[in-house]
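In what follows, a single structure is set out as structure tokens and then discussed.
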Number of protein chains: 2
Amino acid sequence: MRVPVLEAAAAVRANGGRMTVQRRLILETLNELGGHPTAEEIYRTVRQHDPTLNPSTVYRTLTWLETAGLVSHCHLDAGPDGEHSERYDPVTPVEHHHFVCTGCGIVIEFEAPELAPIKAAFAAEHGARVERAALTLYGVCSACGTPSEMLCLEAD
Amino acid sequence: MRVPVLEAAAAVRANGGRMTVQRRLILETLNELGGHPTAEEIYRTVRQHDPTLNPSTVYRTLTWLETAGLVSHCHLDAGPDGEHSERYDPVTPVEHHHFVCTGCGIVIEFEAPELAPIKAAFAAEHGARVERAALTLYGVCSACGTPSEMLCLEAD
DNA sequence: CCTATTATTGCAAATCAATTGCAGTAAGTT
DNA sequence: AACTTACTGCAATTGATTTGCAATAATAGG
Ligand SMILES: [Mn+2]
Ligand SMILES: [Mn+2]
Ligand SMILES: [Zn+2]
Ligand SMILES: [Zn+2]
């Protein structure tokens, strides 16, 4: 369970918001899905539990959760055709980053404390304040890279 | 001049492509603009030189230049409202990265050779091949961070 | 230089994700 | 239980990008 529903309720309440059945359902779906789902994937899953829930509610809720600091989003060139997509992601206590396999689209998370000096160096050199870093590595995962049986290329 | 038009012509020719007046114009516009323009900004500029040139030609040409390895694109949460936008960027001999000011939206490029060990560490740990890294730093640039005269907040 | 081939263009229609206005519904308050 | 108003569903809308197709023009060959 990665998005604490109880904390979310508190955060919602704190801003004069309301914890509705739809919001709870979307939070639970985020936990259920785990990975880095798109808004549309979240909608498809949520809809199985409540077919009346509307896509716009999903978008509105995700935006809300983001401003409340409970989820974040990132742009990944993932998906079957490596095309761009917005993914939603529960916020973690420490900043994390992503590896995307250009073969199968799998997303692997990792931490990179070594990024700190890079941020600091840029800040020092440009007199800027660096608040956040988004690092995405693109490459081929071990499964796709191992040509055993040519797993990746079993197309036609 | 950052996109070598002559090389582009060669690259185009090499794939059975044709160097049209439209493509040349778009290449020159990329050089003229310099920064990290969106497809729409490119279109607006190009249109000043040739009002008949169509947006779809801009999109098709940019896609083509990208597969030819002459330009790349990146997703930045830049713009006045910090909203997501696709930016086009001439490819540089060495990989470069971006800082985005959340105040004014300025994009500053920088190189980060210190990223190499991070890539290597991930590759070693996961048995993956890492081909490319996209790092984006978000923060406040020196101009926006200096509260002299409250330059940033001179709104209403 | 002229002609044939076909990649590329302009145009309009189609997609697609995401947003918005509004009236009805329901969460939280008293 | 009644009240206030945040939130939802819905349908229409937006805005960026894509696509089908007939016309155009870049290149190759003669
Ligand atoms: Mn993640
Ligand atoms: Mn750049
Ligand atoms: Zn893979
Ligand atoms: Zn700034």
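Below, chains carry the letters A, B, ... as their sequence lines are ordered, and counting in each starts from 1. Keep in mind that what you see is a predicted model, and the values were worked out from it rather than measured.
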Short side-chain N/O contact to D/dA25 OP1/OP2 from B/Gln22, under 4.0 Å:
no

Can you tell me the distance, in whole Å, between the CG atom of A/Leu25 and the P atom of C/dA27?
13 Å

Could you state whether A/Leu76 and A/Ile108 fall into the same hydrophobic cluster, counting links through intermediate Ile, Leu, Val, Met, Phe, Trp or Tyr residues with side-chain heavy atoms under 4.5 angstrom apart?
no

In terms of ring plane angle, is the pair B/His98 and B/His96 parallel, tilted or perpendicular, where the classes change at 30° and 60°?
perpendicular

Just the rounded figure in Å: distance from C1' of C/dA26 to CG of A/Leu53.
14 Å

Can you name the closest pair of heavy atoms from B/Val140 and B/Gly145 and give their distance?
CG1-N, 3.5 Å

Sub-3.5 Å donor-acceptor pair from the side chain of B/Glu86 to the main-chain atoms of B/His73, do we have one?
no

What nucleic acid atoms does A/Glu40 come within less than 4.0 Å of, heavy atoms only: base, sugar-phosphate, or nothing?
nothing

Considering heavy-atom distances to DNA chain C, does B/Gly16 or B/Thr52 have its closest nucleotide positioned more toward the 5' end?
B/Gly16

A/Asn54 has its side chain closest, among D/dG9, D/dT17, C/dT9, to D/dG9

Say whether, by atom type as modelled, one donor and one acceptor occur between the side chain of A/Glu41 and the main chain of A/Thr38 under 3.5 angstrom.
yes

Side-chain atoms of B/Tyr59 come closest, of C/dA27, D/dT18, C/dT8, to D/dT18

Between D/dT17, D/dC7, D/dA11, which one does the side chain of A/Ser56 approach most closely?
D/dA11

Integer-rounded Å distance: C/dA17 P and A/Leu76 CG:
17 Å

Atom pairs under 3.5 Å: protein N/O with N/O of nucleotides 28-30 of chain C:
| from | atom 1 | to | atom 2 | distance (Å) |
| --- | --- | --- | --- | --- |
| C/dG28 | OP1 | A/Met19 | N | 3.0 |

Integer-rounded Å distance: D/dT18 C1' and B/Glu66 CD
16 Å

Please give, in whole Å, the distance from C/dA26 C1' to A/Asp50 CG?
14 Å

A/Arg60 near the nucleic acid: base, sugar-phosphate alone, or nothing, with a heavy-atom cut-off under 4.0 Å?
base

So which heavy atom on A/Tyr43 is nearest to which on A/Asn54, and how close?
CE1-C, 4.1 Å

